[in-house]
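So the structure is just underneath, and the comments pick up after that.
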Amino acid sequence: MYNKIRKYIEMNMSRPRFEHSLSTALICVELCSKFGLDEQKGRIAGIAHDISREIIVDDKLLKQIEDNYFISSDEKLNHVLLHGRIGAAFLRDKFNLTDNNILQAVRWHTTGHPDMGQLGQVLFSADYIEPGRKYMTSSLRDSIMELDLNEMTLRVLNDRTAYLRDNGYRIAESSIQLFDKLTKFGRIINI
Ligand SMILES: [Fe+2]
Ligand SMILES: [Fe+2]
């Protein structure tokens with residue numbers, strides 16, 4: 001499954017996106033190993049998570065999605081938020097990927113969601129800290145990777161939402177729900 005998806009992404013997506021996906025997959029494997037999760041699933045979630053990131057959501061596609069699924073007001077305002085959901089459906093329909101942990105992780109990797117599961121937390125974090133990210137230094141990444149899974153997710157969520165807020169974007173409802181859930185477990189670790 002990994003090789004099939006990797007090939008598809010290499011052939012159909014831009015080079016930077018392919019490299020980001022490879023790099024995210026490597027960090028996912030590292031985090032799965034650290035947290036005792038299935039490394040193969042992590043590798044697949046990492047390589048596959050942005051499989052629909054380069055699709056343009058025009059009015060026609062939006063209407064098709066809306067006919068079948070509920071679309072939140074956040075998603076309506078910002079179509080990029082839909083690429084996780086579109087990607088999960090694509091992986092299920094075109095690659096017969098049935099593993100719910102992977103599908104949920106891909107589905108929620110952009111905003112995060114309280115139901116995204118541990119693999120989802122790993123993917124959400126790996127997507128942000130992978131070495132190709134311009135803002136990420138190796139020392140910051142190493143410090144984040146020392147945290148436990150909830151602390152790590154909270155730290156990444158906090159950084160991502162701070163960036164959105166600073167740049168005048170709305171914070172998605174599912175991100176706020178995830179924040180509320182995680183703050184019950186721990187606090188934000190400032191590194
Ligand atoms: Fe993404
Ligand atoms: Fe990504």
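What's counted below: heavy atoms across the whole structure, side chains too, no hydrogens, waters or symmetry copies. Whatever order the structure lists ligands and atoms in, that order sets their numbers, starting from 1.
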Should K34 and E30 count as an ion pair when the cut-off is N to O under 4.0 Å? no
Heavy-atom side-chain contact between I51 and F95 under 4.5 Å: yes
When you compare the side chains of S175 and T161, does any donor N or O come within less than 3.5 Å of an acceptor on the partner? no
Angle, NE2 of H20 through the Fe ion (ligand 2) to NE2 of H49 - 10° precision: 90°
Between R15 and E19, does any NZ, NE, NH1 or NH2 come within less than 4.0 Å of an OD or OE carboxylate oxygen? yes
If you consider just the N/O/S atoms, which atom of D50 is the closest one to the Fe ion (ligand 1)? OD1
H109 N/O/S atom closer than 2.8 Å to the Fe ion (ligand 2): no
Can you classify the ring geometry of Y8 versus F90 as parallel (below 30°), tilted (30 to 60°) or perpendicular (above 60°)? tilted
Can you tell me if, anywhere in D127, an N/O/S atom lies at a distance from the Fe ion (ligand 1) that is smaller than 2.8 Å? no
Has H83 got an N, O or S atom lying less than 2.8 Å from the Fe ion (ligand 1)? yes
